[in-house]
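These notes concern the structure reproduced below.
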2 protein chains.
Amino acid sequence: MFLSKSFGYALRGILYVALKDTEGRKVKLGEIAEKLSVPRHFLAKIMKLMVQEGILSSIKGPYGGFLLNENTLTAKLIHLVKITDGVEQFNTCVLSLRKCNSKNPCPLHYQMLKLRDGMLAEFSKTTIGDLLNQETPDFIKSISVI
Amino acid sequence: MFLSKSFGYALRGILYVALKDTEGRKVKLGEIAEKLSVPRHFLAKIMKLMVQEGILSSIKGPYGGFLLNENTLTAKLIHLVKITDGVEQFNTCVLSLRKCNSKNPCPLHYQMLKLRDGMLAEFSKTTIGDLLNQETPDFIKSISVI
DNA sequence: TCCAAAAAGGATATTGACATCTTTTTTGGA
DNA sequence: TCCAAAAAAGATGTCAATATCCTTTTTGGA
């Protein structure tokens, strides 16, 4: 709900690389797509976006693949949202009214403001590293089983 | 974000009827669509759904239109969501993982659970009447200006 | 220098939400 | 009884997100 499938693919993809990229091992697109049961070519575009945004690295050619870089673990979830969905989401009126604001609030304005600020705060502070550090029994399984 | 345009149309439509239906005056589809700047035929289907769900009434023929009934003001927002988007929204994993639950939580499970429960609670308790009763400078304007 | 493997890029389907148009049913009044 | 107006119903069109397929670029190693 409220976030696109693309966002889910991006997060699961980057987390998978983070889990597998140990001692310089590069992770191939095919492996990620297969293990996460995600459409390969669609995932390719999303991975590419993350590379372009600098929160992930890639190497072309044989023995190539995706790997972490110095920005990956500190990347905020809001950055992924920005890449896949656009952050305007957090600021658009739930009734699609462009003129909705505190001066001219829609009937749901304040209720939504509260909820949305909570989300925005959560997504602005949580990093990829934070998610990896939370103890989950079987992390790799949790992002793989659809 | 996270709610469809249909939900917005439904809510604004039912609120408009509630504001205009005084002393048995019926509100015509054309008037609602025009005043709210909403696509007429699309709105027609959504209004019909609300009638079928029993939270709004309608009368066919000349001098017909939409009007409130005994359920309108006590209808919960969650009911509108159910009609337009489906309530599964509130229970589906943000990463689209069907097997995500407390036994096998996705990396965002608990963060989202908290946020989602807040929303669900809000939408489960707030009624159409509640929205009408909150003091807004110019209510009709707030649902009309897009 | 050439080949194969991998990411990157681009072109084309598919699908569901959103929107529009047309026809049918209902009904109050002339 | 007939007509016009309104909701209801059904058919079709549009568009963006999602998905798939094909081509290009890059690069390590034989």
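Each chain gets a letter, A, B and so on, in the order its sequence line appears, and its residues count up from 1. None of these values were measured; they are calculated from a predicted model.
- Remark: C1' of D:dA6 and CG of B:Leu43 are 14 Å apart, rounded to the nearest angstrom.
- What separates NZ of A:Lys26 from C1' of D:dG28 is a distance of 10 Å, to the nearest Å.
- Annotation for B:Lys99: atom NZ does not count as buried by contact number, only 12 or fewer foreign heavy atoms lying within 6.0 Å.
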Please step through side-chain contact (heavy atoms from CB on, under 4.5 Å) for the pair B:Leu29 and B:Leu43, ending with a clear verdict. CA-CA 8 Å; B:Leu29 177 69; B:Leu43 179 64; 3.9 Å; yes
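- Across all strands, B:Gln52 comes closer than 4.0 Å only to sugar-phosphate atoms, never to a base (heavy-atom distances).
- Here the P atom of nucleotide C:dG9 and the CE atom of A:Met47 are 14 Å apart, to the nearest Å.
- Between C:dC18 and B:Tyr9, no contact under 4.0 Å exists linking OP1 or OP2 to a side-chain N or O.
- Between A:Glu122 and B:Lys114 there is a salt bridge, with a side-chain nitrogen of the basic residue lying less than 4.0 Å from a carboxylate oxygen of the acidic one.
- At C:dC18, one or more side-chain N or O atoms of B:Ser6 fall inside 4.0 Å of OP1 or OP2 (strictly under the cut-off).
- Minimum atom distance to the side chain of A:Pro62 is reached by C:dA5, of the listed D:dT18, C:dC18, C:dA5.
- One can place CD1 of A:Ile146 at 14 Å from C1' of D:dA19, the figure rounded to the nearest angstrom.
- At least one side-chain nitrogen or oxygen of A:Lys5 sits closer than 4.0 Å to the OP1 or OP2 atom of D:dA19.
- Comparing A:Pro39 and B:Lys48 against DNA chain D, the residue whose closest nucleotide sits nearer the 5' end is B:Lys48.
- Comparing C:dT20, C:dT27, C:dC18 by their nearest atom to the side chain of B:His41 picks out C:dT20.
- In terms of polar N and O atoms assigned as donor or acceptor, the side chain of A:Lys45 comes within less than 3.5 Å of the base of D:dT20 in a complementary pairing.
- Across all strands shown, C:dA6 forms a Watson-Crick or G-U wobble pair with D:dT25, both key distances being under 3.5 Å.
- In the set D:dG28, D:dA7, C:dC18, the nucleotide with an atom closest to the side chain of A:Tyr63 is D:dG28.
- The hydrophobic cluster containing B:Met47 also contains B:Ile140, counting ILVMFWY residues as joined when their side-chain heavy atoms lie under 4.5 angstrom apart, directly or transitively.
- Distance, B:Leu49 CG to D:dG10 C1': 14 Å, rounded to whole Å.
- Screening A:Lys82, A:Lys48, A:His79 for a side-chain hydrogen bond (donor to acceptor under 3.5 Å, both in side chains) involving A:Glu53 leaves a single residue, A:His79.
- Among the heavy atoms of the strands, none lies under 4.0 Å from B:Phe7.
- In this entry the distance linking CZ of A:Phe66 with P of C:dA5 reads 18 Å, nearest Å.
- Residue-level contact check: A:Gly65 touches the backbone only, with heavy atoms under 4.0 Å from sugar-phosphate atoms and none from bases.
- The A:Phe42 side chain lies nearest to D:dA19 when the options are D:dA8, D:dA19, D:dT27.
- Pair check for D:dA30 finds C:dT1; Watson-Crick or G-U wobble, both atom distances under 3.5 Å.
- The listed nucleotides are C:dA7, D:dT18, D:dT20; the one nearest the side chain of A:Ser58 is C:dA7.
- If you take CD1 of B:Ile46 and C1' of D:dA8, they are 15 Å apart, rounded to a whole angstrom.
- Ring geometry for B:Phe2 against B:Phe123 counts as perpendicular: the plane angle is over 60°, on a 0 to 90° scale with 30° as the lower cut.
- In this structure, NZ of A:Lys60 is placed 18 Å from P of D:dG29, rounded to the nearest angstrom.
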